[in-house]
Amino acid sequence: MKKICFLAVLLSLFTALPAEEYLLYDFENYEIGTKFNLKNVPGRPVGEGSYAVVAADPTDSNNKVLHVLLVNSWDTYPEYPLPDGFTAADFCTYQSVAFSLYRPQVLPKNNDYMQTAVWLGDKKVYQEEHPNYPDQGPRDTWLEKRYAFTPVETEASNFLLGLHSDNMEYYLDNIRLVRAEKGYDYTDETQTLRYYVEKCGNGKHIGVATPSSWKNVIDLNNDLHDMSQTVFRNFNMVVAEDNMKFAYIEPSQGNFEFGYTDALVAFAERHGMEVRGHTLCWHKQLPDWVTTSEDRNSHNYSSDSLLSILRNHITTIVSRYKGQIAEWDVVNECLADDQGNLRNPANKDKYFLRPSVWSKGIGAKLEWSYDNTGGDFIDSAFFYAHRADPDAKLFLNDYGVECGGRKADAYYNLAKHLIEKKIPIHGVGLQCHFDAGVLDSAGLVRQIQRFQELGLEVVITELDIASSGKQADEFRTIANIFMEQENCSNMVLWGVSDRDSWRNSSPLLFDADLAAKPAFFAVRDALKRQYVLSVAPVPNDARPQSPYVDVYNLAGQKIASGMRRESVNFLPTGIYIVDGEKVMVR
Ligand code: G3I
């Protein structure tokens, strides 16, 4: 046991995440020549000549390691009893399995497949997923490997760990479990959310709202701060949950407070993240000098005065961050909740605006904004923003419009209308503050696609889901939709930790200690799945094929499991599906 993983120890000194390790096997207490059982997972016989035996380290004869040779033994792994008193449940309290791997130079006839898998009893907890099959790194040298696995419920008293191949040779040492305090280790980028989004290379962002300054839970100037690390390691987009709203950024007329935004922009630049600006024109969180009422122009400003206030506000902020803030929620929640009159066929292309200082004080024809032209506050807000930063993407943002219904139709009508008027709008935000169990995923997909037909991007802008038994599944579904829908460019979580959420329903991915919840793993799985699908498979003839196949008839019924590939030729005459392709047996 010489190749101790110093890296983990070093990392733990410099980060807030001390990793705890449990050594399972270093083979030092075994006699050279001790055999470990080789187990074939589907239960086929292990190929003759295969073995797993304690041997001397090929690079250091004083060190003992496990030497594995597989001959015609697809799906075969060494089997290790769990230590006395150490259960499968104990195993699952850790998040990663780590080991040292040595692969000698490739042997003739070696069709080395190089895919690591870990099983607890008969349950797979990890398998490297990659259509190209991973490059395990250089041969003839010891390498450190570490894989995050998925916990399972089992009473197994053994585990399997090895590389998946038909014929291959490798050595293992120092098999150990690594526990990260937070349920995952954010210092390992392959365990984070942004890693998989960025690997897909489709330009999408996974974002998060950073808590208000007075909550005092994030230090944007300190990259060692725990919440800062949680944010920049997992997300590649940030939004200020409150601090860029009118009341906080222009608390008195013409006096701007840019401290938080400056720090957020600098934080994002340091960590290669984008910033969404939220929000330029909203009926809430306005300073008293603009209005003391959410639905009235309480100071009776003239239309021109309000336009001037809006122009100065938007122009000052957007110009200051030109080129630094990628996109803006320009107009937020401008639609009335009740779009009831849309039932009248004559109104089917229209929308109702909510009463606000902006709609009442600026809009000339308030109830039917459809007929308004340049004087309307929505048009003006978009123009001011566009003039200040022609490259920034500009969005409407609203709630209750995500999965269909009258307000969703009104939202579509409004966006379409803005496009027809050539207002510089690039997309719409679907906030997605969901209650438990109400997700209509088909409706969400329809709504996203409807905006694509208008040439608009869609951003999931404020995702949170009230906790329930299905919370993780619902997060997974939405993350899949985000990744699958081409025009769904970004997905933003509305807060980091449940502790600081504006809702009391534990609706986020991290708990009060910033530990990852099942919802985190569900989102990560969805992002990872898309990454795996996005990597083009190598041509069939360039990768080794499993010698065992499942065979289906043309009706899609499985007629044989794990049949040796060459045996397919001896099936009755007919057409079969093998590895997704038709095979004719004559
Ligand atoms: O400003 C005071 C501050 O001075 C005081 O110290 C603090 C003490 O609790 O309260 C502060 O006001 C709070 C404000 O957030 C800032 O934290 C309000 O009480 C609180 O109601 C307000 O909530 C925010 C809410 O918008 C306001 O409508 C939430 O944090 C924020 O998450 C929420 O975000 C909105 C989006 O912007 C738009 N879509 C809906 C979403 C959820 O409501």
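Ligands are counted one by one from 1 in listed order, and the atoms in each one are counted from 1 as well.
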Is the Tyr260-Tyr248 ring centre distance short of 6.0 angstrom?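 No, they do not, as the ring centres are separated by 6.0 Å or more.
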
Atom pairs and distances, ligand 1 N/O vs protein N/O under 3.5 Å:
unit_1	atom_1	unit_2	atom_2	d
ligand 1	1 (O)	Tyr248	OH	3.1
ligand 1	17 (O)	Trp214	NE1	2.7
ligand 1	26 (O)	Lys245	NZ	3.2
ligand 1	30 (O)	Glu241	OE2	3.3
ligand 1	30 (O)	Asp242	OD2	2.6
ligand 1	32 (O)	Glu241	OE2	2.4
ligand 1	32 (O)	Trp494	NE1	3.0
ligand 1	34 (O)	Lys245	NZ	3.3
ligand 1	34 (O)	Trp494	NE1	3.3
ligand 1	37 (O)	Lys245	NZ	2.6
ligand 1	37 (O)	His278	NE2	2.7
ligand 1	39 (N)	Glu333	OE2	2.7
ligand 1	39 (N)	Gln431	OE1	3.1
ligand 1	39 (N)	Gln431	NE2	3.3
ligand 1	39 (N)	Glu462	OE1	2.7
ligand 1	39 (N)	Glu462	OE2	3.3

Measuring from atom CG of Leu396 to atom CG of Leu430, what distance do you get when rounded to the nearest 0.5 angstrom?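 One finds 10.5 Å between CG of Leu396 and CG of Leu430.
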
Only counting residues at least two apart or in another chain, list the ones meeting side chain to side chain contact (heavy atoms under 4.5 Å, CB included) with Asp500.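 With sequence neighbours excluded, Asp500 shows a side chain to side chain contact (heavy atoms under 4.5 Å, CB included) to Lys215, Val217, Met227, Ser497, given in chain and number order.
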
Answer yes or no for [X] and [Y]: cation-pi contact, defined as NZ/CZ to six-membered ring centre under 6.0 Å and angle to ring axis within 45°.
X      : Y      : value
Arg194 : Phe235 : no
Arg320 : Phe258 : yes
Arg276 : Phe395 : yes

